[in-house]
Number of protein chains: 4
Amino acid sequence: MKAALVLFAERGYDGTTVPMIAESAKVGAGTIYRYFANKESLVNGLFQHCVQVFSDTLKYEAIHSTPDIREQFHYIFQRLVKFADNNVNALLFIESHNSAYYLDDRSKQVFDELLGTFRQVLENGKKVGVIKEFNTDALIAIVYGSFVLLFKLIKSGVLTETPDLLEGVEESCWNAIRIL
Amino acid sequence: MKAALVLFAERGYDGTTVPMIAESAKVGAGTIYRYFANKESLVNGLFQHCVQVFSDTLKYEAIHSTPDIREQFHYIFQRLVKFADNNVNALLFIESHNSAYYLDDRSKQVFDELLGTFRQVLENGKKVGVIKEFNTDALIAIVYGSFVLLFKLIKSGVLTETPDLLEGVEESCWNAIRIL
Amino acid sequence: MKAALVLFAERGYDGTTVPMIAESAKVGAGTIYRYFANKESLVNGLFQHCVQVFSDTLKYEAIHSTPDIREQFHYIFQRLVKFADNNVNALLFIESHNSAYYLDDRSKQVFDELLGTFRQVLENGKKVGVIKEFNTDALIAIVYGSFVLLFKLIKSGVLTETPDLLEGVEESCWNAIRIL
Amino acid sequence: MKAALVLFAERGYDGTTVPMIAESAKVGAGTIYRYFANKESLVNGLFQHCVQVFSDTLKYEAIHSTPDIREQFHYIFQRLVKFADNNVNALLFIESHNSAYYLDDRSKQVFDELLGTFRQVLENGKKVGVIKEFNTDALIAIVYGSFVLLFKLIKSGVLTETPDLLEGVEESCWNAIRIL
DNA sequence: CATGAATGAGCTTTCATTCAT
DNA sequence: CATGAATGAAAGCTCATTCAT
């Protein structure tokens with residue numbers, strides 16, 4: 001799955017062949033079929049796993065350790081960064097595959113749940129009157145879209161990940177969605 | 001090329017077959033090869049064309065009709081929206097294919113020039129002291145990342161494009177990059 | 001037909017495309033189909049034409065102007081050389097295509113007639129007691145096989161055609177088939 | 001390779017399709033590509049193999065067991081016959097493909113080495129004063145050309161291979177190149 | 001009468017998948 | 001349980017042939 005993730009993230013599902021994955025994983029091509037019914041099962045399994053890890057990373061109790069929404073946002077952003085740091089490929093794989101024709105219902109559902117988590121955080125912020133009253137999905141687009149492209153650029157070497165960079169982006173995202 | 005664009009945007013390069021394109025374009029599969037040496041030539045030609053149209057759309061003289069940077073940002077955002085409205089598929093195609101393994105040097109160069117245009121606008125804003133001093137590519141990530149995901153969600157039906165929505169996102173993006 | 005001959009001789013029937021012939025002949029591909037029903041008609045027509053020219057070249061009355069069989073052989077060899085000189089490609093085309101799967105009955109018949117001419121000359125020689133009593137087709141293999149390979153080597157540049165060379169080969173061929 | 005040899009010998013390279021070879025070899029078409037990168041690799045590999053077998057067949061120590069050049073010629077001719085008997089298709093395949101556009105450098109080189117062996121034998125005969133002083137390649141054309149056409153006719157059924165036939169052709173070839 | 005754009009059958013080649021080892 | 005050789009369906013691509021111009 002690790003090998004598949006890297007390849008899917010870099011070359012896409014259809015651009016990755018099973019023998020490629022096998023070679024990269026240093027197993028025989030047939031071995032893959034002992035764990036997954038077919039290539040589609042593999043992407044779906046992998047997708048669901050990645051989304052799960054993403055969800056788990058976000059579910060950080062400490063978020064609620066403070067009543068300050070800005071600080072909560074900081075915690076969440078920190079978790080996003082943590083996930084991206086440890087799983088850039090997973091992040092990009094999820095982003096580039098989340099509406100693919102080969103995803104099954106379970107994958108779509110799991111992804112929707114992840115979106116739900118995002119939405120919840122923002123809606124809560126709105127309720128408390130710190131985040132501006134605006135279409136939640138649009139707010140997600142702003143924060144998550146920025147975040148994904150940021151790490152795409154970091155991965156490709158255009159940008160270098162530094163505390164200053166991350167802090168700056170976090171501040172920008174916050175300014176984008178907060179009430180001014 | 002229109003047929004190829006839609007399919008590439010929706011299924012990716014490797015997920016799109018030449019017969020699919022041919023059928024969608026209502027021509028014989030062989031006909032495609034009278035205009036493109038091979039499938040790779042087709043994506044590259046298409047990519048370059050889309051980037052060109054994008055560049056052209058951005059080159060809007062009116063931008064400089066006002067000294068007000070906020071208003072300039074508005075014009076630019078408006079142009080982005082115009083391009084997205086007329087060419088959603090082109091926008092998403094560019095975003096999902098811009099670092100693909102099958103792009104040739106010309107494609108990469110053309111895309112870099114587009115990035116250059118983006119950078120220029122932001123750097124200018126910084127010079128005038130309205131946009132915050134921050135890594136230009138990071139600022140691009142924020143605005144362009146937001147913008148792309150916004151239209152991805154609009155295209156998928158999650159969001160509905162309305163003047164209010166666009167205005168809100170524009171305001172958010174502006175708040176993200178301006179000096180507060 | 002000239003263009004087709006060169007290409008067929010050099011690349012074979014299946015290795016030559018109709019557009020290749022058209023380009024080499026500086027006509028449109030469609031034009032060829034105004035003169036030949038299809039590619040197969042073209043090879044067959046060409047083959048028959050070449051064999052005809054070959055036959056005509058051999059039918060040299062002067063052959064019978066002398067009762068001396070060695071001299072007659074000289075005349076025939078001279079005619080072979082004449083044909084090869086003026087139509088190397090035709091010679092090689094005939095040799096490499098004479099038992100091809102796409103030749104029609106007429107082509108086979110015409111080629112058999114050419115063989116008949118060869119046989120007649122040799123049988124006559126045997127009757128007069130100058131050429132050795134041996135399977136006629138074997139004698140043809142010896143003289144014609146030598147001759148064809150000779151010109152193949154000349155065409156490819158391995159050998160250079162000179163009066164001495166031709167005289168020597170003629171003498172050798174004569175020694176091969178005459179009664180010693 | 002056996003299946004390919006027969007088909008290439010009978011229909012030529014371009015007239016033979018990979019599925020034809022696969023069917024004849026009773027394997028799947030894809031299987032061929034596990035052993036050869038492509039069709040061109042296949043012809044080249046086959047060509048080199050055939051030439052190798054031919055070379056090996058000629059390298060018969062017994063040749064030097066007698067100082068008599070006529071007897072040596074007999075041995076060589078015998079080896080040619082042996083090769084032709086066991087590999088008619090290889091003989092004809094080599095002859096009809098030896099200057100084809102799809103042969104790579106290695107193939108050309110290997111074939112040149114075979115020619116070198118032929119040349120050596122004849123040059124040696126000249127040195128000893130038994131074979132006539134004449135362009136070596138022309139002598140090859142005579143003997144080898146005769147030989148190839150002989151077996152082409154045998155294969156096609158025009159001639160029947162008998163000891164008498166072979167003996168007669170050998171004698172004729174000898175007479176063609178010896179000093180009279 | 002000449003043309004060459006268009007076509008689709010069929011070629012070369014790839015690759016997800018199977019299965020004997 | 002792991003493997004990778006074998007497979008054939010389907011991909012990318014070519015080219016003989018047609019036909020509107």
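Values below: every heavy atom of this structure, side chains too, minus hydrogens, waters and symmetry copies. Chain naming here is simple, since letters A, B, ... match the order of the sequence lines and numbering starts at 1 in each.
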*Give one of base, sugar-phosphate or nothing for A:Phe36, where a contact means two heavy atoms less than 4.0 Å apart.*
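If one applies the 4.0 Å heavy-atom cut-off, A:Phe36 turns out to touch nothing in the nucleic acid.
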
*Salt bridge flag under 4.0 Å for residues D:Lys155 and D:Glu10*: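 A salt bridge is present here (some side-chain N lies under 4.0 Å from a carboxylate O).
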
*Taking side-chain contact (heavy atoms from CB on, under 4.5 Å) as the test, write out the residues that go with B:Ala84, two or more places apart.*
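Partners of B:Ala84 by the side-chain contact (heavy atoms from CB on, under 4.5 Å) criterion, ordered by chain and then number, come out as B:Leu91, B:Phe147, B:Phe151.
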
*For B:Ala90, side-chain contact (heavy atoms from CB on, under 4.5 Å) partners two or more places apart*: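 Expected list: B:Leu5, B:Cys50, B:Phe83, B:Asn87.
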
*How would you list, by chain and number, every residue that makes a ring pair (Phe, Tyr, Trp, His ring centres under 6.0 Å) with A:Tyr144, sequence neighbours excluded?*
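With sequence neighbours excluded, A:Tyr144 shows a ring pair (Phe, Tyr, Trp, His ring centres under 6.0 Å) to A:Phe118, given in chain and number order.
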
*What pairs of residues pass the side-chain hydrogen bond (donor to acceptor under 3.5 Å, both in side chains) test when at least one of them lies in residues 13-28 of chain D, not counting sequence neighbours?*
D:Asp14-D:Tyr101

*side-chain hydrogen bond (donor to acceptor under 3.5 Å, both in side chains) contacts touching residues 90-100 of chain B (sequence neighbours left out)*: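 Output for this query lists A:Lys152-B:Glu95, B:Glu95-B:Asn98.
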
Starting at [atom1] of [X] and ending at [atom2] of [N], how long is that distance when rounded to a whole Å?
{"X": "A:Lys26", "N": "F:dG4", "atom1": "NZ", "atom2": "P", "answer": "14 Å"}
{"X": "D:Glu23", "N": "E:dG10", "atom1": "CD", "atom2": "P", "answer": "15 Å"}
{"X": "B:Ile21", "N": "F:dA11", "atom1": "CD1", "atom2": "P", "answer": "12 Å"}

*Contact list for residues 18-40 of chain A, test ring pair (Phe, Tyr, Trp, His ring centres under 6.0 Å), sequence neighbours left out*: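 Found none.
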
_Under 4.0 Å protein heavy-atom contacts per nucleotide of nucleotides 15-21 of chain F, with B for base, S for backbone only and - for none_ = SSBB---

*Please tell me which of the listed nucleotides, F:dC1, E:dC1, F:dT7, lies nearest to the side chain of C:Tyr35?*
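Minimum distance to the C:Tyr35 side chain belongs to E:dC1.
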
*Determine which pairs satisfy salt bridge (charged side-chain N to carboxylate O under 4.0 Å, His left out) with at least one residue from residues 34-57 of chain C, sequence neighbours left out, and list them in order.*
none

*Could you write out DNA chain F as a dot-bracket string, with dots for unpaired bases, | for bases paired across to another strand, and Watson-Crick or G-U pairs counted at under 3.5 Å?*
.||||||||||||||||||||

